[in-house]
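Heads up: the structure comes next, in structure tokens.
Proteins come first, then strands; the chains are lettered A, B, ... in the order of their sequence lines, and each starts at number 1.
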Amino acid sequence: MELAVYEDWKENNSFIFDKDSKLPVYSIDTPPPYINSPVHIGHASTYVIMDFIARYKRMMGYNVLFPLGLDQNGLPIEISAEKKYKVDFTRIGREKAVEYCRQLLNETTSESVDSFFKCGIGFSSWKEGTQIGDIYQTDSPDYRAVTQSTFIDLYNKGLIYEADKVVNWDPKLQTTVSDSEIIYEDRPGFFHDIVFKVKDSGEEVIIGTTRPELICTCGMVIYNPSDKRYQHLEGKTLITPYFNKEVLCKAHPSAEIDKGTGIMMMCSYGDLTDIRFFMEQKLDARVAINKNGTLNENAGDLNGLKIKEAREKIIEGLKAQNLLKKMTPTQAHRTPISERSGAAIEFIQMKEYYLKQLEFKDEMRRIASEVNIYAPESRQILLDWIDSVSIDWPITRRRFYATEVPAWYCKKCGSIQLAKKGEYVQPWREEYKGKCEKCGGEEFRGDERVFDTWFDSSISPLYILGYERHPEFFKEHEQCSLRPQGKEIVRTWLYYTLLKDYLLTGKTIFKDAWIHHHIVTEDGTKMSKSKGNGIDPHNVLEKFGSGPFRTWCAVEGNLDKGDFRCSYTRIENAGKLLEKLWNVSKFVSMFELTKEQSNEIELMEIDKWMIQETDKIISETKKGYEKYDFHNPSVRIINFIRDEFASNYIETVKRRAYNNDALIKFSEAQRNAAVKTLRETLDSLLLLLYPINPAMTHFIYKNLFNKEIKEEKFPNTKNIKSTISSEEIQLFNSAVWKTKKDNNLSLKDEIKKAIAPKSLEPVEIELRAMHNIKEIEFKEKEIIINAK
RNA sequence: GGGCUCGUAGCCUAGCGGUUAUGGCAUCACCCUUACAAGGUGGGGGUCGUCGGUUCGAAUCCGACCGGGCCCACCA
């Protein structure tokens, strides 16, 4: 049933974004999921909550831009293509690699798009295209052209420079590897105790190392400042064994007293600590490892040997000179390993482009404080990250399926030639059309590098708002209303977006950011494919439908405050809450008013009470929804429907609505008032729940009021006051029910006498009719029920 | 190792200085009452992680510790 509703909305482009509309725009920078992996329950939940936001904002009169993006760039695509077609990209060449990626993407049915559809999400559009609101792909020429044009702009602003950088290098696959692809393994190794000599005294200093072949790159020897054993070496010059080079000895806190011999040699590019050390001490890094995993001329007679061979050779050499004291096996030497090849990672230097960020840290702090972050606690993640930024942003990678650096270099003078803005170019396979601006040269080398994935994705808000492509629209709506995203990518996606868009436009790109936590398993641990403890949204949708799932997303808790625990039972239980709404609606739909009847209304006190209570819940809900809090309002609404509306109000006015009781007769106007209040209250409640449960509320609304709920506005308060206290009426009804129960009476049985609080006096007739009370007396606060 | 965050009944959650701690799920008992048994009504269940401190008063503020979770880094 609900799928038919969704289908209908999709067919009729019900939520299409009209960029020429006069309504205020509310724009959502929806995170583009990777399309080649199925939707995870975590994705499904967060997109559902985004849909709550979009639907609520539409009810508030906004023209909501809620586009779906599909991320089709980068490593995940490359890896699955390699796996699927059983090819090795480093062997087959770039042309073919890109073709395989394209093939993979063509063959991938957009399963995730279908899942979002079945969740009842109302994106602005369901068709792919380049108009504002359309489904967009991050690998489309349109998107990539914008990415390239931002590079050109930033380059021309002098914010991008090229510099040498140390990269993770996989010598086996011949490629750079990103940090996330590195795993650490405990590999057995050896501590080699080798002998350094003090230059002036000839004193022997024993240093332990696991990488003796890197002695040639040793730039300094350090010990801990509080280590008494070595203090006499401060400032002395040591001679390295085998290579006989001079290095300085200094105290430095990164040497630990208990490790090895307590004194260590710092080599360029043994590991990342070394790299940082060299930068800090401003030492010249001497690179000894080639891309193919062999040592170079810096390694003296080890030149040309593979790392392993070099290590064996130098050990022999040291032994011969009696400079190797002993080799101690270490069982747990944590070694960085390439996840894909199993090869030990080496660190080598390569030229990369950098985007300046260090000089904008203060500006970024200001921007971080300007964005409204929900929940505010998450702002700290961003601030902490800004504080810890210590190098400019390296934006280039040596990969295949990503946006290319739009640059060529003159073969004659080496100067850079940038592509024209607005065109998507692939310099690695295309010729530069033109002459060198500097020397008039006509031959060029195309840049072979591609951009870091965050360089692409950090323009998503610009892209969806028509940057560079729909200038008039962008000019008017350049601040994006909302960035919804996970907390784990605050330091990447959120930070880089704020940074890059500030550098491009000088503005704070987002008004609000909603930072969500994660969906975890029932025992609070992370869902992971390898453990097989995940919950598949397809199963959930198949078993229960989107209604219970969406309700669960709303009532479970505040996803911006902490993790959700997920299980089938929890979702199933959430679905039960909807049953009440359905039954209540069935009851209310039994009563209708003709035009004449609705003009003849005499509100009784209990009706006023219901209207007053509905007013309260409308304002509370609005307050919550404004803060992207759907949990507290939805729980309140559901409780309200059950406790106040169904159990108390409906039970009380039931007889008045039927008005066919032989003993108690109500006037026509009084009866009409009950029906009107029933219908109007339900109307409001359905509207409040529409963002959470669009299909069910749509269905009821259509049947009951014959109107399209998606075109309705958020309900207004009526400002009617009542003297009845909610607490007292609920307590009184409860007391009667309990007395009957305690006395084994049926609910129809008679109560002889009841004493009720004074405020309930206006409801006397209805209370008597409802509970079958013979005599009722009103006193200040008391409730006494006499059954017999 | 560094940082962030969270510990409230079997499970989840509200409260975040002031009567007897909120609600849901689960559990137990009773009930086909003309919207509703995929339901209704009622009940039981808590030393608010532990230990100190501030205060007339602490779940709430401060400190230490214990235990989850996440992010980052990973050591000659």
Taking [atom1] from [X] and [atom2] from [N], how many angstroms apart are they, rounded to a whole number?
X	N	atom1	atom2	answer
A:M770	B:rG40	CE	P	15 Å
A:I637	B:rG23	CD1	P	18 Å
A:L494	B:rC4	CG	P	19 Å
A:M220	B:rA76	CE	C1'	15 Å
A:Q380	B:rC72	CD	P	17 Å
A:K654	B:rG40	NZ	P	12 Å
A:D643	B:rC36	CG	P	19 Å
A:H516	B:rU5	NE2	C1'	17 Å

Does [N] have a Watson-Crick or wobble partner in any strand here, with both distances under 3.5 angstrom, and which is it?
N	result
B:rC70	B:rG3
B:rG39	B:rC31
B:rG57	none
B:rG63	B:rC51

Q) Between A:I381 and A:V635, which has a closest nucleotide on RNA chain B that is more 5'? A)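 On the 5' side of the pair lies A:I381.
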Q | 5'-most by nearest nucleotide on RNA chain B - A:G208 or A:A646 | A | A:A646
(Q) If the condition is side-chain hydrogen bond (donor to acceptor under 3.5 Å, both in side chains), which residues does A:H517 pass it with, not counting sequence neighbours? (A)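 With neighbours one apart ignored, the set is A:K487.
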Q) Excluding sequence neighbours, so at least two apart, what forms side chain to side chain contact (heavy atoms under 4.5 Å, CB included) with A:N632? A)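 By the side chain to side chain contact (heavy atoms under 4.5 Å, CB included) rule, A:N632 matches A:N558, A:D629.
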Would you mind classifying the nucleic acid contact of [X] as base, sugar-phosphate or nothing, using non-hydrogen atoms under 4.0 angstrom?
X	value
A:R379	nothing
A:S647	sugar-phosphate
A:S734	sugar-phosphate

[atom1]-based separation of [M] from [N] [nearest Å]:
N	M	atom1	result
B:rA9	B:rA59	P	14 Å
B:rC65	B:rC71	P	24 Å
B:rG52	B:rG69	C1'	27 Å
B:rU50	B:rA58	P	15 Å
B:rC28	B:rU19	P	34 Å
B:rC25	B:rU20	C1'	25 Å
B:rG42	B:rG68	C1'	37 Å
B:rG18	B:rC11	P	27 Å

Quick one: which of [options] gets closest to the side chain of [X]?
X	options	value
A:N583	B:rU13, B:rC36, B:rU41	B:rC36
A:M264	B:rA76, B:rC72, B:rG43	B:rA76
A:R491	B:rC71, B:rG42, B:rG39	B:rC71
A:T209	B:rG23, B:rA14, B:rA76	B:rA76
A:D384	B:rA76, B:rG40, B:rG3	B:rG3
A:K580	B:rG24, B:rA14, B:rC36	B:rC36

(Q) Is the terminal nitrogen or CZ of A:R483 (NZ for Lys, CZ for Arg) located under 6.0 angstrom from the six-membered ring centre of A:W493 and within 45° of that ring's axis? (A)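 Yes; both conditions hold, so A:R483 lies above the ring face of A:W493.
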Does any N or O in the side chain of [X] come within less than 3.5 Å of the main-chain N or O of [Y], such that one atom is a donor and the other an acceptor?
X	Y	answer
A:T621	A:P633	no
A:N659	A:F666	yes
A:R679	A:L704	yes

(Q) Please determine whether a side-chain nitrogen or oxygen atom of A:R642 lies at a distance below 4.0 Å from atom OP1 or OP2 of B:rG24. (A) yes
Q) How far does CG of A:N733 sit from CG of A:D643, to the nearest 0.5 angstrom? A) 11.5 Å
Q. Looking only at N and O atoms, is any donor in the side chain of A:K487 or the base of B:rC70 less than 3.5 Å from an acceptor on the other one?
A. no
